[in-house]
There are 2 protein chains.
Amino acid sequence: MRVVELIQKKRNGQILEPDELKHLVQAYTDGSMPDYQMSAFLMAVFFQGMTSDELAVWADAMLRSGEVLDLSSISGYKVDKHSTGGVGDKVSLILAPLAVAAGVKVPMISGRGLGHTGGTLDKLESIPGFNVNLTVDQFKAQVDEAGCGLIGQTGEIAPADKKLYALRDVTATVECIPLIASSIMSKKLAEGIDGLVLDVKVGSGAFMKNIDDARELAKTMVGIGASMNKPVRALLTDMNQPLGLAVGNALEVIESIETLKGNGPDDLTDLTVELVAEMLELAGEDSSRDRLYGLLENGEALAVFRDIITRQGGNGDVCDDYSLLPTAANAITFSAFDEGYISRMNTAEIGIAAAELGAGRQTKEDEIDHAVGFFFVKKLGDAVDAGETVLEIHYNDDTNLENCLRRLRDAIEISPTATEHNPLILERLT
Amino acid sequence: MRVVELIQKKRNGQILEPDELKHLVQAYTDGSMPDYQMSAFLMAVFFQGMTSDELAVWADAMLRSGEVLDLSSISGYKVDKHSTGGVGDKVSLILAPLAVAAGVKVPMISGRGLGHTGGTLDKLESIPGFNVNLTVDQFKAQVDEAGCGLIGQTGEIAPADKKLYALRDVTATVECIPLIASSIMSKKLAEGIDGLVLDVKVGSGAFMKNIDDARELAKTMVGIGASMNKPVRALLTDMNQPLGLAVGNALEVIESIETLKGNGPDDLTDLTVELVAEMLELAGEDSSRDRLYGLLENGEALAVFRDIITRQGGNGDVCDDYSLLPTAANAITFSAFDEGYISRMNTAEIGIAAAELGAGRQTKEDEIDHAVGFFFVKKLGDAVDAGETVLEIHYNDDTNLENCLRRLRDAIEISPTATEHNPLILERLT
C-alpha cells in the first residue's frame with residue numbers, strides 16, 4: 001500500500017477503505033510513515049473531511065494503537081466524562097466523587113492545561129502529595145475499591161493520538177472536527193469504559209466559538225461512540241464566562257470542595273449535577289436531581305473525594321483546612337472602570353491572563369504556579385459601579401502582572417444597559 | 001514569524017505577505033523549517049491556491065534560493081525552451097542547434113526522464129562520450145563560443161525547488177498548478193536567460209490531460225515571467241500520441257539527426273520550427289519559417305549540433321554513422337490485432353511500456369538502457385490491416401517484454417471508422 005496514493009485519494013475527496021485507514025495509523029505509530037506524509041494527509045482531511053464510516057475505522061485504529069484497558073473484572077457500570085476544555089472548568093473534581101457516591105464507577109484519565117484552558121491534573125496536583133501517575137494495575141485496583149481513580153495519560157494508551165496531536169499542533173491541523181473528535185474518543189474509549197458523557201463547551205472561552213461547530217463536534221463524537229457500541233451523550237454548555245468563580249489551580253480545588261459541601265456557585269453545581277445525571281441514566285441508575293443535590297449536602301460525595309485524595313497519596317485534610325493548599329503571597333483587586341453591567345467576557349483571554357501569572361502554560365514545558373489565579377466577584381449580567389471589585393487577583397511573581405491586567409481590561413466589557421446571556425446548558429444530544 | 005501561523009493563514013484562504021512567503025522558502029531551504037510543516041503548507045496551497053502576486057514572490061524566492069547565472073557578459077539574446085514533458089519529445093536536440101544557427105544563444109539546463117516521460121539528458125547520454133556535467137564556467141564559455149550548452153541541473157541552481165520537488169513527490173502535492181509553475185519557472189529563470197518559450201503538452205501522454213488545465217498552467221507561467229520582467233511565450237501542443245516516430249533514447253537521437261538533415265517526420269519538424277520561431281520573435285530576429293526549414297535543409301543546424309557534441313566530449317561522427325550509437329540486440333514487430341484505423345493512444349502507457357524495456361525510469365535510481373525503445377510505423381488516424389506492423393520494438397533484456405506488450409495492447413485502440421484528431425499546435429499564449 002503506497003502512502004502517497006492514500007494521501008492523494010483523500011486529497012481528491014475519495015473515500016478510503018478500512019484497510020487503508022488502519023495502515024496509515026499503524027504505519028505512523030510505528031514510525032514507518034514519516035511526519036511529512038502524515039501532515040499532508042491531515043491537511044487533506046482538514047479540507048475533505050472524513051465520512052462517519054471512515055472516522056469509525058480511524059478512531060478505532062487510534063484506540064488500538066496502544067493498550068486498551070480491560071475493566072471487565074470490575075463490577076458496576078464504568079462511565080467517564082470529558083470536557084472539550086474551558087476556563088474555570090473544575091467539574092471533574094466534583095463530578096467524579098458525586099458519581100461514585102451515586103453508584104457508578106469512574107475510571108478517569110485526564111489531561112493538563114495548555115493555552116487558555118486549565119487541566120484536571122494540574123488542579124489535583126495543587127493538593128500536597130497527590131499522585132496522578134498510578135500504574136495501570138494501581139489504577140484498576142483503585143477504581144475497583146474506591147470507585148474512582150484520577151490519573152494522567154500514560155504512554156501506552158493511544159500512542160497514535162499522542163503523536164498525531166503533537167504533529168497537528170505544529171502544522172495548523174488542530175481545528176478540524178474529525179481529527180478533534182477521533183483524538184478525544186480514541187483516548188477515552190481506550191479507558192475500557194461502558195459509557196461516556198461529553199461536555200462540549202461553546203463560546204469565547206471554548207475551542208468551538210459557535211453552536212453549529214459545537215453541535216457538529218458533539219454529533220461526530222456520539223457517532224464514533226455508536227460505531228463502537230459505546231453509548232455516548234453530550235451536553236452543549238455555555239463557555240462565554242469562566243465556570244464558577246475561581247480560575248487557577250488551588251483556588252479551583254477550594255471551590256470544588258465547597259461545591260462538594262453544597263456551598264458551590266449555582267452554575268458549577270447545576271452543571272455537575274446534570275452531567276452526573278447523564279452518567280447515571282447511561283448506567284440505568286436513579287438520576288433524580290434531588291438525590292444528587294442531597295449527596296452534596298450530606299457529605300457523601302465529599303467523603304469519596306477525601307478517600308480518593310488519601311489513596312493517591314494526597315493529604316485529605318485539605319477538605320477541612322484550605323491553608324494546607326498553596327496560597328499566593330499577594331492579592332489585589334481588579335475594579336470596574338465604569339458603571340454599568342458586565343456585558344461580555346473574552347474568556348480565552350481571561351484564561352491567558354491567568355496563565356501570565358503562572359496558573360497555566362503557554363508551552364508544554366512551562367511550570368505551573370498552583371497558588372495563583374482569579375476569584376470573580378461579578379459575572380456576566382451583574383451590575384457594577386465604577387471602581388467596584390470585579391475580581392480578585394492572587395499572584396506571587398509580578399513579572400507579567402502588567403500583561404495580566406492589560407488582558408483583563410481588554411477581556412471584560414461593561415455596557416450601560418443590561419444584556420441577555422445564554423443559559424448554561426444549551427443543548428443535549430444522545 | 002511563526003511558521004504554524006503562516007500555514008494556518010494559507011489554510012484559511014488568506015493572502016500571505018511577501019515577507020512571509022520569502023521566510024517559508026528560506027527557512028525550508030536552510031533546514032530550519034521541517035519537512036512536516038512544508039508538506040502541510042503545500043497541501044494547503046493545493047486547496048487554496050496562490051494569487052499571482054503571491055506566486056511571483058514565491059517563485060522569485062525559489063529562484064534566489066541558490067545561484068542565479070549571470071550571462072550578461074555573453075553577447076546576443078539568450079533564450080531557452082521548456083517542455084512540460086511527454087513521450088518521444090526530442091525537440092530540444094533539434095531546437096537548440098537550429099535556434100543557434102538562426103542567431104540566438106541557447107543556455108539550456110535540462111532534466112532526466114521519470115515515469116512515462118523521457119528526458120533530454122538521457123537522450124544526449126546515448127551519444128558516446130557526451131558529458132552533461134559541465135561546470136558553470138565551462139557552460140558559460142560554451143554558450144559564448146558555440147551559442148549553446150546542454151547540461152543538467154546543478155546543486156547550486158534553485159536548491160529550494162530540488163527540496164520542494166522531492167517532498168511534493170511523496171506527499172501527493174505534485175498536481176498543483178502554482179507549484180508546478182513556480183518549480184519550472186524558478187529553475188529556468190535562474191539560467192540567466194532573456195526570454196523563454198514554453199511547450200505545454202496536453203493529452204494522454206502529458207501531465208495536463210485537458211486543455212483548460214494546460215492553459216491555466218501556461219498562463220500562470222507566463223504571469224510569473226511577466227512579474228520578473230522576462231518575456232515568456234507558450235504553445236499548447238497535442239500529446240495524444242508520441243511526438244515523431246521514435247521513443248527511446250538512441251532511437252530519438254537518430255530521429256533528431258535526421259530532422260536536422262531535413263528528413264524528420266512532419267509533426268516533429270513543424271513543432272520544432274514553430275518553437276524556434278517563437279524564440280526568434282522574442283529576440284527580435286527574423287522568424288520566417290522558410291528560413292528555418294532552410295537551415296535544416298542546408299546542414300547549418302546539423303553543423304551546430306555536431307559542434308556541441310564535440311565540445312561536450314561526444315563523438316560527432318554519430319551524425320553520419322548511427323552504428324556508433326547503442327543498438328538493441330533484438331527487434332520484433334507489434335502488429336495490429338484488427339483491421340481499421342488507429343483511433344486512440346494512451347500515450348503515458350506507451351511511455352511506461354518503453355520504460356519496461358529500460359528506456360525510462362520508474363524510480364530515480366533505475367538504470368537506463370539507451371539502445372531500446374519503439375519505432376512507430378503507424379500513427380493516429382492511419383489505416384491498418386489486421387497483422388500489419390504498427391511499431392517496431394527494440395530490446396535487449398526480455399524480462400519485462402510481456403509487460404511491455406500487454407501495455408501496448410491496452411494502449412493502442414483500433415476502430416472500424418476513421419476518427420478526427422487534434423491539430424499539433426492547439427493554442428499560442430504570449
Side-chain angles (χ1 to χ4, degrees), chain A residues 1-14 16 20-21 23-24 27-29 31-50 114-115 160 162-180 207 209 213 362-364, chain B residues 1-14 16 20-21 23-24 27-29 31-50 114-115 160 162-180 207 209 213 362-364:
Chain A
M1 211 172 293
R2 288 189 63 214
V3 165
V4 64
E5 286 166 11
L6 305 183
I7 302 171
Q8 185 170 335
K9 202 168 170 181
K10 174 52 68 187
R11 187 199 76 185
N12 291 349
Q14 295 169 273
L16 269 70
E20 296 172 335
L21 292 162
H23 177 73
L24 290 173
Y28 186 58
T29 307
S32 59
M33 175 180 177
D35 285 336
Y36 56 79
Q37 289 189 313
M38 184 52 87
S39 63
F41 181 79
L42 295 173
M43 188 60 84
V45 170
F46 180 90
F47 285 98
Q48 297 287 11
M50 280 194 182
L114 188 63
K162 192 166 187 171
K163 220 175 149 182
L164 282 169
Y165 194 86
L167 184 64
R168 287 167 57 208
D169 197 37
V170 292
T171 56
T173 48
V174 170
E175 303 91 337
C176 172
I177 284 173
L179 298 180
I180 297 170
F207 290 104
K209 304 297 181 198
D213 286 347
Q362 290 308 306
T363 74
K364 282 173 192 157
Chain B
M1 213 172 293
R2 288 189 64 215
V3 165
V4 64
E5 285 166 12
L6 304 184
I7 303 170
Q8 184 169 335
K9 202 168 169 182
K10 176 50 66 187
R11 186 199 77 186
N12 292 348
Q14 295 169 272
L16 271 69
E20 295 172 336
L21 293 162
H23 176 74
L24 290 173
Y28 186 58
T29 307
S32 59
M33 175 179 178
D35 285 337
Y36 56 79
Q37 289 190 312
M38 184 52 86
S39 64
F41 181 79
L42 296 173
M43 188 60 85
V45 170
F46 180 90
F47 285 98
Q48 297 288 10
M50 279 195 183
L114 188 63
K162 192 165 189 175
K163 220 175 149 182
L164 281 168
Y165 194 86
L167 184 65
R168 287 167 56 209
D169 197 38
V170 291
T171 56
T173 48
V174 170
E175 302 92 338
C176 172
I177 284 173
L179 299 179
I180 297 170
F207 290 104
K209 303 298 180 200
D213 287 347
Q362 291 308 306
T363 74
K364 282 174 194 158

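For a residue to count as touching a neighbouring chain, one of its non-hydrogen atoms must lie under 4.5 Å from one of that chain's; by this rule A:E5 does not touch chain B. Heavy atoms closer than 4.5 Å to chain A are found in the side chain of B:L167, but not in its backbone.
For the residue pair B:Q48 and A:F47, the shortest heavy atom distance occurs at NE2-CE2, 3.4 Å. The two residues A:D169 and B:V4 have their closest heavy-atom pair at O-CG2, 3.6 Å. Heavy atoms only, all atoms of each residue included: A:A40 and B:S39 are closest at N-OG, 3.9 Å. Pairing each heavy atom of A:T171 with each of B:Y36, the nearest pair is CG2-O, 3.5 Å. Between B:A172 and A:R11, the shortest heavy-atom distance links the atoms O-NH1, 2.7 Å.
Each of B:I7, B:V170, B:N12 has some count of heavy-atom pairs under 4.5 Å with chain A, and the biggest count is that of B:V170. Most heavy-atom pairs under 4.5 Å with chain A, from the set B:M38, B:Q37, B:K9: that is B:Q37. Taking chain B as the reference chain and counting heavy-atom pairs below 4.5 Å, the highest number among A:E175, A:Q8, A:R2 is found for A:E175.
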Which is it for A:M43 and B:F41 under the side-chain contact (heavy atoms from CB on, under 4.5 Å) test, yes or no, and what are the steps along the way?
CA-CA 8 Å; A:M43 188 60 84; B:F41 181 79; over 6 Å; no

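Taking the ring-ring contact (aromatic ring centres under 6.0 Å, His included) definition, one finds that A:Y28 meets it with nothing, sequence neighbours left out.
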